[in-house]
Amino acid sequence: MKIMIMTLGTRGDVQPYVALGKGLKERGHDVTVCTSGRFQPFIEQYGLTYGYMDDAVIALIDSEEVRAIMGGVTNLFGAVRAAFKMMGQVGPLQKKMIADTWQTTEKANPDLIIFHPKTYGATHFAEKLGIPSILAPTIPQFAATAEFPAFGFPSLPIGGWYNRLSYQLTVRLTVMGVAQYTNPWRKEHSLKKQSVGTDFMFNQAGEPITVIHPISNHVIDVPTDWPEYIHAKGYWFLEETADYSPPSDLIHFLENGPAPVYIGFGSMVGNNPQQLAQTIIEAIQKAGVRAVLAAGWGGLAVDQIPENIFLIDRAPHNWLFPQMAAVVHHGGAGTVAAGLKAGKPTLVCPYFGDQPYWGKQMQKLGVGPAPLLQKKLTADKLAARLVELTTNASFAQKAAIIGEKLRQEDGIGAAIGVIESVLGERVMV
C-alpha cells in the first residue's frame, strides 16, 4: 500500500517518522515522507521517497527574531500570543506549506496519510481523496482524558470535566489558528467550509480518527479512559550507527577519564550562543565534571575548550548516549527518548513549547532534578544541577530501569500493527 508520512520541524520532529517509514518499507509498503527540503538526503538515505515541502518555515523558526519571541512561551496561551506576533511572516509560509504538501500528496496518491500535528492539512487532503488519516503527535496534547489536563493547562483539583475541557479548547484553538489557511484550500477543492467548532479528531463522517503517539507507556501516564483507537505503545527509534565513524580524538577522550555528561541544546541556543557556551563551560568547571558539549544546528560558539570538555558538532545519540554519565538538553521529544533509552539521568533546560512538559516529566519519573528554564540558566544554577544529576544514585537507578524497558519495546512494530489494521479496513471497504 502507498503511505504518505507528513511532518514539520527540526530533526527531532523528523527522525521518528523516518524510523517508522523505514519499518513500513521493510514490510513492503511504498512510503513517501513529506517534510522540509533540508531533510531530503536524510530521508533518501533510508530508501524512502522524499516529498517536497519548502524549507522557509523552518528557516523562520531558526531565526533570531522568532527565538526571541518564543523564548517566553511555556504554555498554550503563550504559544497563541507568539503566533499572533508572527502572523505577518508566518501566514504566507503556511499557505505555501499547504500548497506544497497537497501537491506532494496528489503526486503520491496514497492509501493512507500519517501526520504530525504541524502538517494540519493532512486531514483535509485525506477527506478530498477519500482515504483515512492517522494523527501521530509526539506529545499527548489532543486525545482527551479526565485524568489530567492537556499540555499547557494548569493541574487544578476541580474534576475530570475540567481536564476534558482543556483538550476541547486545545483542539478548538488549533482549528481557529489554521482555518484561515485550510478553508481557502477547501473552497478551492470543492469541500465544505469548516466552522471553528470543528473537531479534527473526527473525520467528515463523524468517525474518530486513529491516533498513535510515538511515546512509551513507561514514560507517560497512559489514561485508562482513552478509547481503543488512541495508542501509545512505544518510541520510534532509528538506529543510525551503521555508517558512523567517530573521530579518533573523541574515542580517546571517552576512554581516558570518567564518563562525561552530554550537554547539547540542538538548534535551541537562544540569541547569544557565545554567552550561553561560556555559561555552560563555567558551570562544567564549577561542577567538576567532564563533558561532551554539542555545538549542534544552533551553533554554540566556543573559542577555547578546557581539557575536561570535548566539543562535537553532532553524533548519533544511540551511539553517544550509552557512553555518558548523564545527559543535559533542551527537552525535545526525540532527545528525551534517546537519553531514556540509554538509561541515563536527564536534566532538561527548556526553552518553550513541549520542552517544559518533558522537563517536569523527567522529574516526575525520578530520573533527574527539576528542569532549569533557559531564561533562568546561570553558571551557578547549572553547576548545582550537574552535581545533583551526577551524584544522586536514585536518578541513575531509575533511569537504568526505564532504559531497560525501552530497549525491550518494539514501538515501530506496534505502530505498524495499528497502521495495517487501518489499511485492512480500507481494503475491506
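Note: hydrogens, waters and symmetry copies are ignored here, and every other heavy atom, side chains too, is used.
Put simply, the side chain of Pro208 reaches to within 4.5 Å of the side chain of Phe202, judged on heavy atoms. Residues Ile401 and Lys405 are in side-chain contact: their nearest non-hydrogen atoms beyond the backbone lie under 4.5 Å apart. Between Thr105 and Met6, some side-chain heavy-atom pair lies under the 4.5 Å cut-off. Contact check for Pro350 versus His330: no side-chain heavy atoms found under the 4.5 Å cut-off. Between Pro132 and Ile209 the shortest side-chain heavy-atom distance does not fall below 4.5 Å. Contact annotation: the side chain of Ile419 approaches that of Leu20 to within less than 4.5 Å [non-hydrogen atoms, C-beta and beyond]. Between Arg314 and Arg11 there is a side-chain heavy-atom pair separated by less than 4.5 Å. Using a 4.5 Å cut-off on side-chain heavy atoms (C-beta onward), Phe39 and Val33 make no contact.
For Arg290 (side chain) and Glu307 (main-chain N/O), no donor-acceptor pair under 3.5 Å exists by modelled atom type. Side-chain N or O atoms of His29 include none that pairs as donor or acceptor with a backbone N or O of Val31 at under 3.5 Å. Looking at Asn392, its side chain never comes within 3.5 Å of a backbone N or O of Glu388 through a donor-acceptor pair. Looking only at distances, no side-chain donor or acceptor of Glu44 sits under 3.5 Å from a matching main-chain atom of Tyr50. Checking side-chain atoms of Asp100 against main-chain N and O of Met97 turns up no donor-acceptor pair under 3.5 Å. Between the side chain of Ser421 and the main chain of Val418, a donor-acceptor pair closer than 3.5 Å is present. For the pair Gln363 (side chain) and Gly359 (backbone), a donor-acceptor distance under 3.5 Å is absent. With hydrogens and angles disregarded, no donor-acceptor distance shorter than 3.5 Å links the side chain of Thr335 to the backbone of Gly331.
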query = Does the side chain to side chain contact (heavy atoms under 4.5 Å, CB included) test come out yes or no for Ile114 and Leu24, once each step is laid out?
reply = CA-CA 12 Å; Ile114 302 167; Leu24 286 165; 4.2 Å; yes

inquiry  = Checking Phe42 against Leu238 for the side chain to side chain contact (heavy atoms under 4.5 Å, CB included) test, could you report, in this order, the C-alpha distance in whole Å, the side-chain angles of both residues, the deciding distance, and whether it holds?
reply    = CA-CA 12 Å; Phe42 174 50; Leu238 182 68; 3.6 Å; yes

task = For side chain to side chain contact (heavy atoms under 4.5 Å, CB included), just list the numbers for Phe265 and Gln374, CA-CA rounded to whole Å, side-chain angles, deciding distance to a tenth of an Å, and then say yes or no.
result = CA-CA 10 Å; Phe265 300 130; Gln374 285 282 345; 3.4 Å; yes

inquiry  = The test is side chain to side chain contact (heavy atoms under 4.5 Å, CB included); show your working for Thr346 and Trp358 and say whether it passes.
reply    = CA-CA 10 Å; Thr346 300; Trp358 289 118; over 6 Å; no

ask   = Checking side chain to side chain donor-acceptor pair (under 3.5 Å) for the pair Asp54/Tyr52: CA distance, chi angles, key distance, verdict?
value = CA-CA 7 Å; Asp54 188 80; Tyr52 176 77; 3.3 Å; yes

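Contact record, Ala325 with Ala259: CB-O, 3.5 Å, taken as the closest heavy-atom pair. Closest approach of Met53 and Cys34 over heavy atoms only: CE-O, 3.8 Å. Thr123 approaches Ser133 most closely through the heavy-atom pair CG2-OG, 4.1 Å. Scanning all heavy atoms of the two residues, the minimum distance from Val14 to Gly9 falls at CG2-O, 4.2 Å. Closest non-hydrogen pair, Pro246 versus Ile251, comes out as CG-CD1, 3.7 Å. What you find for Ile412 and Gly23 is that their closest heavy atoms are CG2-CA, 4.2 Å.
For CZ of Arg27, the number of neighbouring non-hydrogen atoms (other residues, nucleotides, ligands) closer than 6.0 Å is 12 at most. Within a 6.0 Å sphere centred on NZ of Lys360, other residues, nucleotides and ligands contribute 12 heavy atoms or fewer. Within 6.0 Å of NZ in Lys96 there are more than 12 heavy atoms belonging to other residues, nucleotides or ligands.
Using bins of under 30°, 30° to 60° and over 60° for the plane-to-plane angle, the ring pair Trp185/Trp102 lands in the perpendicular bin. Taking the six-membered ring where the residue is Trp, Phe253 and Phe310 present tilted rings, their angle falling between 30° and 60°.
To the nearest 0.5 Å, the span separating NZ on Lys25 from OG1 on Thr49 amounts to 8.5 Å. A distance of 11.5 Å separates CD1 in Ile113 from CD1 in Ile3, rounded to the nearest 0.5 Å. Rounded to the nearest 0.5 angstrom, Gln355 CD and Leu373 CG are separated by 10.0 Å. Between Ile312 atom CD1 and Leu320 atom CG the span is 5.0 Å, to the nearest 0.5 Å. Here Leu293 contributes atom CG and Ile280 contributes atom CD1; the two are 5.5 Å apart, rounded to the nearest 0.5 Å. One finds the NZ atom of Lys95 at 11.0 Å from the CD1 atom of Ile98 (value rounded to the nearest 0.5 Å).
Judged by a 6.0 Å distance limit and a 45° cone about the ring axis, Lys341 is positioned over the six-membered ring of Phe237.
A donor-acceptor pair shorter than 3.5 Å can be found between the side chains of Gln408 and Glu404. Counted by atom type alone, Glu409 and Ser216 present one or more donor-acceptor pairs between their side chains at under 3.5 Å.
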For residues 136-150, run the donor-acceptor check on the side chains, cut-off 3.5 Å, and write out each pair with its distance to 0.1 Å, sequence neighbours left out.
unit_1	atom_1	unit_2	atom_2	d
Thr145	OG1	Glu147	N	3.0
Thr145	OG1	Asp225	OD1	2.6
Thr145	OG1	Asp225	OD2	3.3
Glu147	OE1	Thr224	N	3.4
Glu147	OE2	Thr224	N	2.9
Glu147	OE2	Thr224	OG1	2.3

